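Have a look at the structure below before the remarks.
All chains are named by letter (A, B, ...) in the order of the sequence lines, taking the proteins before the strands, and each is independently numbered beginning at 1. All figures in this text were calculated on a predicted structure; none of them were measured in a lab.
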Amino acid sequence: MLQEAIREIQRGSAEIIDSQRIEKLLKAYFEEGKNYTVKAGFDPTAPDLHLGHTVLLQKLATFQKYGAKIQFLIGDFTAQIGDPTGKSATRKTLSAVEILENAKSYEEQVFKILDPLKTEVVFNSEWINPLGASGMLTLTTTFNVARMLERDDFDKRYKSQTPIAISEFIYPLLQGYDSVHLKSDIEIGGTDQKFNLLMGRHLQRAYEIGKEQAVLMMPILEGLDGVQKMSKSLGNYIGVADAPNDMFAKVLSVSDELMWRYYELLSTKTLSEIEVLKAGVAEGSLHPKRVKEDLALEITARFHSLEVANAAKEEFERVHAKNEIPTEMEEFSVDGEISITKALVDCGLTPSTSQARRDIKQGAAKINQEKISDEQLQLGNGEYILQIGKRKFAKLKVNA
RNA sequence: GGUGAGUUAGUCAAGUGGCCAACGACGGCGGACUGUAAAUCCGCUCCCUCCGGGUUCGGUGGUUCGAAUCCACCACUCACCA
């Protein structure tokens, strides 16, 4: 049992610092029922979460399973500085109201994964504001510039003579101080957070709180393309707020290789269960598509419901396996006869009439499931189901 | 402040007076094959209802029958020097 817990905690992690300490905490939990705290920090800017973000949350949920109390920290104070990523996008400061709103929408999304009873949501302005100038000064005496410059992006910027604001040095210190105040046993974060996470250890030692947090870093999740990190701007993401049908379809469109990665980082299946699946696929007794469907179902159900997820699966089968049309699609209506190319543009199936013509020429366009080839076709009175490619549909009503 | 190099479609990148709506690569889209996987093969990839036409190559103006290509000025980026 303990061994399994350790394996599940380590699962998918990129790096663990002081894993012995984690093992000790787990042991204390299993043998004496002792709880411990795991801290994770989040930005208070508008949370538009995608699966990449949930990798951390998933790990926190695993910790909860094994006796952890989560310190879900919203960095409302530190957000005023902005983590020094070097991109130096001056941050707009959020009002107290905005921060509260964002925190609320975090909770809505986050508690689909985390157990609210074992989660404490905290704001770091609460203890950083009272620090005052002298507290701040004390904090800065714990560290020196040379060591600060060891941080990778500071190092690069210093060498390339790109400006570094003094306030940026404060950021890691404050993040570390959060761990002092919260007396965290463990902190988790992305690999890019290594320096800041280690600062927590350093400061806990400096402030002599009698413990040094262990650190667990999770890798960055790859996006749908399997190469670049999942991000909204790259358009290769699965948003936690995505519609069930989209979510299901997106997971299923992932490559087989990436599927295992997603299993490791996102599924609640245990490692041994996953091993069984892998073995089944390897020896050919289990079809990879089946395995992927299970994953898609699990993920869709997590953010919607099992019922809805099952419906999404059926819909998917209907549209793609059986080549039928979806049960629901966007509906449009126009008055008067309309040419097919214009109709396709108006329904948003195609970005321009030129593109519409090309699509028709290539046999990608269908009306009521019939392939069309006449790009000058006029649509008269009636209802039509327009289709481009395999996945773009729209219903058009012409009143002529 | 000085000197030099550069700015081309979603990205990278050819093109240095007409054959340029502009090579190529990547990405994207469509088709075939499939498990809407991967791999592979084929086609498309500025806009306009076809013929054909229109608007593009940092911006503005100019030279020319004709400019992405030449000239002038402006803007921005990078490198070296101060």
Inset, instruction - Check every strand shown and say whether A/Ser255 touches a base, only sugar-phosphate, or nothing at a heavy-atom separation below 4.0 Å. - result: sugar-phosphate

Inset, instruction - Flag the pair A/Asp115 and A/Lys65 as a salt bridge only when some basic side-chain nitrogen lies within less than 4.0 angstrom of an acidic carboxylate oxygen. - result: no

Inset, instruction - Kindly compute the distance separating CD (A/Glu4) from CG (A/Leu26), expressed to the nearest 0.5 Å. - result: 12.0 Å

Inset, instruction - Please step through side-chain contact (heavy atoms from CB on, under 4.5 Å) for the pair A/Glu187 and A/Gln193, ending with a clear verdict. - result: CA-CA 11 Å; A/Glu187 176 164 10; A/Gln193 288 289 308; over 6 Å; no

Legend entry - A/Ile99 side, atom CD1; A/Phe77 side, atom CZ - distance, nearest 0.5 Å: 11.0 Å

Inset, instruction - Flag the pair A/Glu257 and A/Arg261 as a salt bridge only when some basic side-chain nitrogen lies within less than 4.0 angstrom of an acidic carboxylate oxygen. - result: no

Inset, instruction - Write down the partner of B/U60 under the Watson-Crick or G-U wobble criteria, each distance required to be under 3.5 Å. - result: B/A72

Legend entry - From B/A37, B/C48, B/U45, nucleotide with atom closest to A/Ser352 side chain: B/C48

Inset, instruction - Please check if atom CD in A/Glu32 has more than 12 non-hydrogen atoms from other residues, nucleotides or ligands closer than 6.0 Å. - result: yes

Inset, instruction - For A/Thr353 and for A/Ser253, find the nucleotide of RNA chain B with the closest heavy atom, then tell me which residue's nucleotide is more 5'. - result: A/Ser253

Inset, instruction - Would you check if the distance from the ring center of A/Tyr177 to the ring center of A/Tyr207 is below 6.0 Å? - result: yes

Inset, instruction - Check every atom of B/C48, B/G35, B/C50 against the side chain of A/Pro288 and return the nucleotide holding the closest atom. - result: B/G35

Legend entry - N or O in side chain of A/Ser354 less than 4.0 angstrom from B/C48 OP1/OP2: yes

Inset, instruction - Report the base-pairing partner of B/C41 (Watson-Crick or G-U wobble, both distances below 3.5 angstrom), or none. - result: B/G31

Inset, instruction - Using whole Å, report how far CG of A/Leu344 lies from P of B/C48. - result: 12 Å

Inset, instruction - In plain terms, say whether A/Asp18 and A/Arg201 are close enough for a salt bridge, that is, a side-chain N and a carboxylate O under 4.0 Å apart. - result: yes

Inset, instruction - In whole angstrom, give me the gap between the C1' atoms of B/G61 and B/C12. - result: 32 Å

Legend entry - Gap in Å between the two C1' atoms, one belonging to B/U16 and one to B/U11, rounded: 24 Å

Inset, instruction - Measure from CE on A/Met259 to C1' on B/A37 and round the result to the nearest Å. - result: 9 Å

Inset, instruction - For B/U49, take OP1 and OP2 only and decide whether either is under 4.0 Å from a side-chain N or O of A/Arg357. - result: no

Legend entry - Sugar-phosphate, base or nothing in reach of A/Ala249, heavy atoms under 4.0 Å: base

Legend entry - Base paired to B/G24 (Watson-Crick or G-U; both N/O distances under 3.5 angstrom): B/C12

Inset, instruction - Mind listing the residues from residues 289-301 of chain A sitting with a heavy atom below 4.0 Å of RNA chain B? Number order is fine. - result: A/Lys289, A/Lys292

Legend entry - Distance, C1' atom - from B/C44 to B/A21, rounded to whole angstrom: 15 Å

Legend entry - B/U69 to B/G6 separation - C1' atoms, rounded to the nearest Å: 15 Å

Inset, instruction - Using a heavy-atom cut-off of under 4.0 Å over every strand shown, decide if A/Val319 touches base, sugar-phosphate, or nothing. - result: nothing

Inset, instruction - Could you say whether A/Leu252 or A/Gln378 is positioned toward the 5' end of RNA chain B, judged by the nucleotide with the nearest heavy atom to each? - result: A/Leu252

Legend entry - P spacing across the pair B/U64 / B/A9, given as an integer number of angstrom: 30 Å

Nucleotides 21-30 of chain B: which of its N/O atoms have a protein N/O under 3.5 Å away?
none

Inset, instruction - Counting Watson-Crick and G-U wobble pairs only, both distances under 3.5 Å, name the nucleotide matched with B/A5, or none. - result: B/U77

Legend entry - Pairwise P distance, B/C74 and B/C65 [rounded to whole Å]: 28 Å

Inset, instruction - Respond yes when some side-chain nitrogen or oxygen of A/Arg261 is under 4.0 Å from OP1 or OP2 of B/A37, and no when none is. - result: no

Inset, instruction - Please state the C1' separation for the pair B/C26 and B/G2 - nearest whole angstrom. - result: 40 Å

Inset, instruction - Say whether A/Leu173 and A/Ile209 are linked into one hydrophobic cluster, either directly or through other cluster members, by side-chain heavy-atom distances under 4.5 angstrom. - result: yes

Legend entry - Nearest-angstrom distance, P atom, B/A5 to B/G10: 29 Å

Inset, instruction - If B/G18 has a Watson-Crick or G-U wobble mate with both distances under 3.5 Å, name it; if not, just say none. - result: B/C65

Inset, instruction - Please state how far atom NE2 in A/His320 lies from atom C1' in B/G35, giving the value in whole angstrom units. - result: 12 Å

Inset, instruction - Could you tell me the separation between the NZ atom of A/Lys250 and the P atom of B/G35, rounded to a whole number of Å? - result: 24 Å

Inset, instruction - Mind checking the CD-CG spacing from A/Gln58 to A/Leu114? Nearest 0.5 Å is all I need. - result: 8.5 Å

Legend entry - Rounded distance [0.5 Å steps], CE in A/Met218 versus CG in A/Leu56: 7.0 Å

